[in-house]
Participant: 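One structure, as structure tokens, below. Some questions next.
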Amino acid sequence: MNFDFSARVDRVEPSATLAISNLASELEAQGEDVVDLSVGAPDFPTPENIVQAAKDAMDAGHTGYTSSNGIPELKEAIAEKLRGNGVDADADEVIVTPGGKQALFETFQTLIDDGDEVVLLDPAWVSYEAMVKLSGGSLKRVDLAPHDFRLEPALDELADTVSDETKLLVVNSPSNPTGGVFSDAALEGVRDLAVEHDIAVISDEIYERITYDGFEHTSLGSLDGMEDRTITINGFSKAFSMTGWRLGYLHAPEDLISQAGKLHSHSVSCAVNFVQHAGVEALSDRTDDTVEEMREAFEGRRDMLVDLLAEHGVDVAVPKGAFYMMLPVDDSAVQGTAENASGEQPRADDQAWCEGAIQDAKVATVPGSAFNAPGYARISYAASEERLREAVERLAEHDYI
């Protein structure tokens with residue numbers, strides 16, 4: 001039969017990051033050696049104490065359903081962790097989800113009706129736009145590329161973009177895809193606008209444990225005036241290398257939790273029982289040293305990659321967090337000209353650049369246009385130093401840098 005698909009599904013495209021990853025997998029299946037810098041997944045094993053906690057939980061029989069919003073031990077551990085960030089959090093204000101993406105999806109579906117205005121800070125993670133469209137919302141965007149992906153210099157543009165009609169603003173710091181970490185002054189500017197226009201704000205803090213150069217993460221919900229209007233999204237995938245475990249959470253005022261909980265219970269029922277017990281262990285201080293070792297490794301890779309690119313005349317905005325870097329891929333920007341990096345000149349076809357790079361150099365990256373940042377390619381440096389060097393050598397050999 002010919003299915004009549006829903007309008008909401010027709011509004012969105014498949015994930016660009018997963019599409020590139022799938023292409024890389026196809027080439028590898030054909031025997032090609034692909035340096036895959038497209039996927040945002042740490043290349044470290046899950047810390048052993050977390051794995052053991054999951055095994056112990058299974059042995060103890062924790063394999064059935066849990067209460068929909070999560071086991072009490074994990075919700076309390078999350079609330080305690082948030083209180084450590086300065087957020088006034090209670091366990092009853094937490095929903096534990098199968099992955100941070102599910103927490104975001106439930107938030108958009110709970111808050112956004114047809115035509116409601118959502119503001120994104122570009123470059124923005126690919127799924128934000130899709131989730132807004134699936135909920136029926138309309139988008140406005142603020143481009144941070146002219147400011148080396150920093151928010152503070154773009155606060156006037158943000159002020160011109162938001163209004164009393166804005167329902168929701170999405171803030172992601174540290175950022176995917178840029179690795180940018182927003183300053184406290186930038187977050188205070190967000191706070192002032194949110195209070196002035198009575199806007200709810202999603203604070204996606206999934207990369208909070210991965211910051212460099214002495215930069216400290218600040219939770220938006222800790223600022224005065226943001227307690228009752230911030231939805232904090234976080235998870236275990238990035239800091240604890242638990243991508244396949246699918247464990248995340250959202251924290252919000254109780255009235256939002258009550259409404260989002262209805263969607264949660266009718267969709268995923270609950271996060272996996274023994275995985276939640278592993279999450280309790282992840283948030284314990286027994287994991288801190290391993291997390292710090294991973295963070296230091298990412299920082300070393302970032303420094304090495306910045307230096308390697310500079311040797312080939314490529315100037316990049318140095319990321320202060322996460323494990324991503326935005327590589328300019330048109331000729332002028334590759335030479336480091338600020339004018340082109342600001343978007344004031346025509347850009348090259350980054351989609352074609354990325355497709356050529358994987359076909360010719362066998363290096364997988366993600367087109368910047370997937371994040372509404374044409375003229376760039378996103379590189380994930382969640383790969384070994386050896387593979388990162390190989391990637392740069394291949395791109396240079398095939399004249400992609």
Participant: Using side-chain contact (heavy atoms from CB on, under 4.5 Å), reason through V170 and V118 one step at a time and then give a plain yes or no.
Facilitator: CA-CA 8 Å; V170 182; V118 179; 4.1 Å; yes
Participant: Less than 3.5 Å apart, any donor N or O on the side chain of D350 or S369 sitting next to an acceptor on the other?
Facilitator: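 D350 vs S369: donor-acceptor pair found between side chains.
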Participant: Could you give me the CA-CA distance, side-chain angles and deciding distance for E292 and R295, then say whether salt bridge (Lys or Arg N to Asp or Glu O under 4.0 Å) is met?
Facilitator: CA-CA 5 Å; E292 177 59 17; R295 190 206 63 78; 3.0 Å; yes
Participant: List for me each residue that meets side chain to side chain donor-acceptor pair (under 3.5 Å) alongside R83, sequence neighbours excluded, and say none if there are none.
Facilitator: E76
Participant: How far does CD of E390 sit from CD of E397, to the nearest 0.5 angstrom?
Facilitator: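 It is 8.5 Å, given to the nearest 0.5 Å.
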Participant: Could you check whether atom CD of E296 has more than 12 heavy atoms from other residues, nucleotides or ligands sitting under 6.0 Å from it?
Facilitator: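 Atom CD in E296 is packed in, count exceeds 12.
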Participant: Counting only heavy atoms not in E165, do more than 12 sit closer than 6.0 Å to its CD atom?
Facilitator: no
Participant: Measure the spacing between CD1 of I112 and CG of L168 and express it to the nearest 0.5 Å.
Facilitator: 4.5 Å
Participant: Before accepting this row, confirm whether a basic side-chain N of the pair E386/R389 lies closer than 4.0 Å to the acidic partner's carboxylate O.
Facilitator: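 The answer is no: the pair does not qualify as a salt bridge.
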Participant: What is the minimum heavy-atom distance between I199 and S163, and which atoms define it?
Facilitator: CD1-O, 4.1 Å
Participant: Is it true that the side chains of S203 and E205 contain a donor and an acceptor less than 3.5 Å apart?
Facilitator: yes
Participant: Looking only at the side chains, is there a donor atom on one of D303 and Y212 sitting less than 3.5 Å from an acceptor on the other?
Facilitator: no
Participant: Are side-chain heavy atoms of M226 and S219 found at a separation under 4.5 Å?
Facilitator: no
Participant: Is the shortest side-chain heavy-atom distance between E293 and V291 below 4.5 Å?
Facilitator: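 With C-beta onward as the side chain, the pair stays apart.
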Participant: Tell me if a side-chain donor or acceptor on S38 pairs with a main-chain N or O of A364 at a distance below 3.5 Å.
Facilitator: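 Absent.
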Participant: Got V275 and N273 here, is their nearest side-chain heavy-atom distance under 4.5 Å?
Facilitator: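 No, their side chains stay 4.5 Å or more apart.
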Participant: For side-chain contact (heavy atoms from CB on, under 4.5 Å), just list the numbers for V119 and R141, CA-CA rounded to whole Å, side-chain angles, deciding distance to a tenth of an Å, and then say yes or no.
Facilitator: CA-CA 5 Å; V119 174; R141 318 184 78 121; over 6 Å; no
Participant: Going by distance alone, is a donor N or O of one side chain under 3.5 Å from an acceptor N or O of the other, for T66 and Q276?
Facilitator: yes
Participant: Any donor-acceptor pair under 3.5 Å linking the side-chain atoms of S135 with those of Q109?
Facilitator: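 Judged by distance alone, the side chains do not pair up.
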Participant: Do H147 and E157 have side-chain N/O donor and acceptor atoms under 3.5 Å apart?
Facilitator: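 Judged by distance alone, the side chains do pair up.
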Participant: Parallel under 30°, tilted from 30 to 60°, perpendicular over 60°: which one fits the rings of Y376 and F149?
Facilitator: perpendicular
Participant: Check whether T230 reaches the backbone of T232 with its side chain - one donor and one acceptor, N or O, closer than 3.5 Å.
Facilitator: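 Pair absent, no side-chain N/O of T230 close to backbone of T232.
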Participant: Would K133 and E129 pass as an ion pair if we require N to O under 4.0 Å?
Facilitator: yes
Participant: One thing to verify: whether R302 and D213 come together as a salt bridge, which I'm taking to mean a side-chain N less than 4.0 angstrom from a carboxylate O.
Facilitator: yes
Participant: Measuring only between side-chain heavy atoms, which start at C-beta, is D92 closer than 4.5 Å to I257?
Facilitator: no
Participant: Just jot down the side chain to side chain donor-acceptor pair (under 3.5 Å) partners of D360, sequence neighbours excluded, or say none.
Facilitator: Y400
Participant: Would you mind reporting whether P42 and T243 have side-chain heavy atoms less than 4.5 Å apart?
Facilitator: yes
Participant: Where is the tightest heavy-atom contact between D122 and F371, given as atom of each residue plus distance?
Facilitator: OD1-O, 3.9 Å
Participant: Assess whether side-chain hydrogen bond (donor to acceptor under 3.5 Å, both in side chains) is satisfied between E26 and Q30, documenting all intermediate values.
Facilitator: CA-CA 6 Å; E26 290 175 10; Q30 297 168 14; 5.4 Å; no
Participant: Can any side-chain N or O of D116 pair as donor or acceptor with the backbone N or O of G137 at less than 3.5 Å?
Facilitator: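 Not at all, since once roles are kept as given, no pair shorter than 3.5 Å links the two residues.
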Participant: Taking it one step at a time, do N49 and T287 satisfy side-chain hydrogen bond (donor to acceptor under 3.5 Å, both in side chains)?
Facilitator: CA-CA 7 Å; N49 63 308; T287 317; 3.1 Å; yes
Participant: Can a salt bridge be assigned to the pair D288 and R209 using a cut-off of 4.0 Å between side-chain N and carboxylate O?
Facilitator: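 Salt bridge present between D288 and R209.
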Participant: Considering only NZ, NE, NH1 and NH2 on the basic side and carboxylate oxygens on the acidic side, decide whether K75 and D90 come within less than 4.0 Å.
Facilitator: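 No, no charged N to carboxylate O under 4.0 Å.
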Participant: Without swapping roles, check the side chain of R191 against the backbone of L223 for a donor-acceptor pair under 3.5 Å.
Facilitator: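 Pair absent, no side-chain N/O of R191 close to backbone of L223.
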Participant: If you define the side chain from C-beta out and look only at heavy atoms, does anything of L82 sit under 4.5 Å from E93?
Facilitator: no
Participant: Which atom pair, heavy atoms only, marks the closest approach of E106 to S267?
Facilitator: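 Taking E106 first and S267 second, the nearest heavy atoms are OE2-OG, 4.3 Å.
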Participant: Return the CD1 to CZ distance between I50 and F236, rounded to the nearest 0.5 Å.
Facilitator: 8.5 Å
Participant: Is the backbone N or O of Q351 less than 3.5 Å from a side-chain atom of D349, with the two atoms forming a donor-acceptor pair by type?
Facilitator: yes
Participant: Considering the options N176, I379, I210, which one meets the side-chain contact (heavy atoms from CB on, under 4.5 Å) requirement together with F323?
Facilitator: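 Among N176, I379, I210, the one meeting side-chain contact (heavy atoms from CB on, under 4.5 Å) with F323 is I210.
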Participant: Answer yes if the side chains of Q259 and D255 hold a donor-acceptor pair under 3.5 Å, and no otherwise.
Facilitator: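 Short answer, no.
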Participant: Is it the case that more than 12 heavy atoms not belonging to R11 sit under 6.0 Å from its CZ atom?
Facilitator: yes
Participant: Using only atom types and a distance under 3.5 Å, with no angle test, would you say the side chain of S265 pairs donor to acceptor with the backbone of G261?
Facilitator: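 Yes, S265 side chain to G261 backbone: donor-acceptor pair under 3.5 Å.
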Participant: Between the side chains of S175 and T178, is a donor N or O closer than 3.5 angstrom to an acceptor N or O?
Facilitator: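 Distance-only check passes for S175 and T178.
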Participant: Any chance the rings of Y207 and F298 have centres within less than 6.0 Å?
Facilitator: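 No, the ring of Y207 stays outside the 6.0 Å limit from the ring of F298, centre to centre.
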Participant: Please determine, by modelled atom types, if E117 and T166 share a side-chain donor-acceptor pair under 3.5 angstrom.
Facilitator: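 Judged by distance alone, the side chains do pair up.
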Participant: Is there a side-chain contact between N234 and D204, using heavy atoms and a 4.5 Å cut-off?
Facilitator: no
Participant: Considering only NZ, NE, NH1 and NH2 on the basic side and carboxylate oxygens on the acidic side, decide whether D160 and K140 come within less than 4.0 Å.
Facilitator: no
Participant: Where the side chain of S380 meets the backbone of V39, is there a donor-acceptor pair that is under 3.5 Å apart?
Facilitator: yes
Participant: Please round to the nearest 0.5 Å and tell me the distance separating atom CG of L104 and atom CZ of F108.
Facilitator: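 So the CG of L104 and the CZ of F108 are separated by 6.0 Å.
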Participant: Taking CD in E80 as the centre, count heavy atoms belonging to other residues, nucleotides or ligands within less than 6.0 Å. Is the count above 12?
Facilitator: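 For E80, atom CD is not crowded (no more than 12 foreign heavy atoms under 6.0 Å).
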Participant: Quick one about Q359 and E355 (side-chain donor to acceptor, distance below 3.5 Å, no hydrogens or angles considered), yes or no?
Facilitator: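 Judged by distance alone, the side chains do not pair up.
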Participant: If I take atom NZ from residue K320 and atom OG1 from residue T211, how far apart are they, to the nearest 0.5 angstrom?
Facilitator: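 Result: 11.0 Å between the selected atoms.
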Participant: Given 3.5 Å as the limit, does a donor-acceptor pair link the side chain of T161 with the main chain of V142, or not?
Facilitator: no
Participant: Can L121 and N172 be said to form a side-chain contact (heavy atoms from CB on, under 4.5 Å), step by step?
Facilitator: CA-CA 8 Å; L121 304 174; N172 174 212; over 6 Å; no
Participant: Does the side chain of L134 come within less than 4.5 Å of F105's, by heavy atoms?
Facilitator: yes
Participant: By salt bridge (Lys or Arg N to Asp or Glu O under 4.0 Å), which residues pair with R286, not counting sequence neighbours?
Facilitator: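 With neighbours one apart ignored, the set is E281.
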Participant: Nearest 0.5 Å please: distance from the CG atom of L187 over to the OG1 atom of T218.
Facilitator: 6.0 Å
Participant: Under a plain distance cut-off of 3.5 Å, with no hydrogens placed, do S384 and D43 share a side-chain donor-acceptor pair?
Facilitator: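 The answer is no; no qualifying pair exists.
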